[in-house]
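Reviewing the structure listed below.
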Amino acid sequence: MMAAYITSPMITLMYERGDYQHFTGISLVRKLELMHGIIPWVSLVIPWTPELLNINTQEDLELARELCKTHKLL
């Protein structure tokens, strides 16, 4: 796993889809080490896959439903 080589106190997982990068809502906090009131972090950016769908909007929900229908999960 790529995160094993990162020494930052926190890692956020982001995905890249097209020309945009988005947060997945997944973070790994290794230790609560504050600097100026925040935990220093780095972002790990990986290509988008359906498993990384972060549902925050109605559009996200519709996409999730379509993916479930496509993969016969509903």
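Computed over heavy atoms, backbone and side chain alike; hydrogens, waters and symmetry mates excluded.
Side-chain atoms of Glu59 and Thr57 form no donor-acceptor pair, as typed in the model, at a separation below 3.5 Å.
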Contacts table for residues 7-16: side-chain donor-acceptor under 3.5 angstrom, sequence neighbours left out:
from: Ser8; atom 1: OG; to: Met10; atom 2: O; distance (Å): 3.2
from: Ser8; atom 1: OG; to: Pro40; atom 2: O; distance (Å): 3.3
from: Thr12; atom 1: OG1; to: Ser43; atom 2: OG; distance (Å): 2.7
from: Glu16; atom 1: OE2; to: Gln21; atom 2: NE2; distance (Å): 3.4

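Within 6.0 Å of the CH2 atom in Trp41, the count of heavy atoms belonging to other residues, nucleotides or ligands does not exceed 12.
Note on Phe23 and Leu44: separate hydrophobic clusters, where clusters join Ile, Leu, Val, Met, Phe, Trp and Tyr whose side-chain heavy atoms are under 4.5 Å apart, directly or indirectly. Linking ILVMFWY residues whenever their side-chain heavy atoms come closer than 4.5 Å, directly or via other members, places Ile26 and Val42 in the same cluster.
In this structure, CG in Leu61 is found 11.0 Å from CG in Asn56, a value given to the nearest 0.5 Å. Atoms NE2 and OG1, from His22 and Thr24 in turn, are 11.5 Å apart once rounded to the nearest 0.5 Å. The distance from the CD atom of Gln58 to the CG atom of Leu63 is 12.0 Å, given to the nearest 0.5 Å. Atom-to-atom distance recorded for Ile55:CD1 and Glu62:CD is 10.0 Å, nearest 0.5 angstrom.
Each salt bridge (Lys or Arg N to Asp or Glu O under 4.0 Å) pair with one or both residues in residues 25-34, not counting sequence neighbours, appears once here: Lys31-Glu33.
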For side chain to side chain contact (heavy atoms under 4.5 Å, CB included), just list the numbers for Ile38 and Leu34, CA-CA rounded to whole Å, side-chain angles, deciding distance to a tenth of an Å, and then say yes or no. CA-CA 5 Å; Ile38 62 168; Leu34 296 176; 5.6 Å; no

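Residues Val29 and Leu32 come closest through the heavy atom pair CG1-CD2, 4.0 Å.
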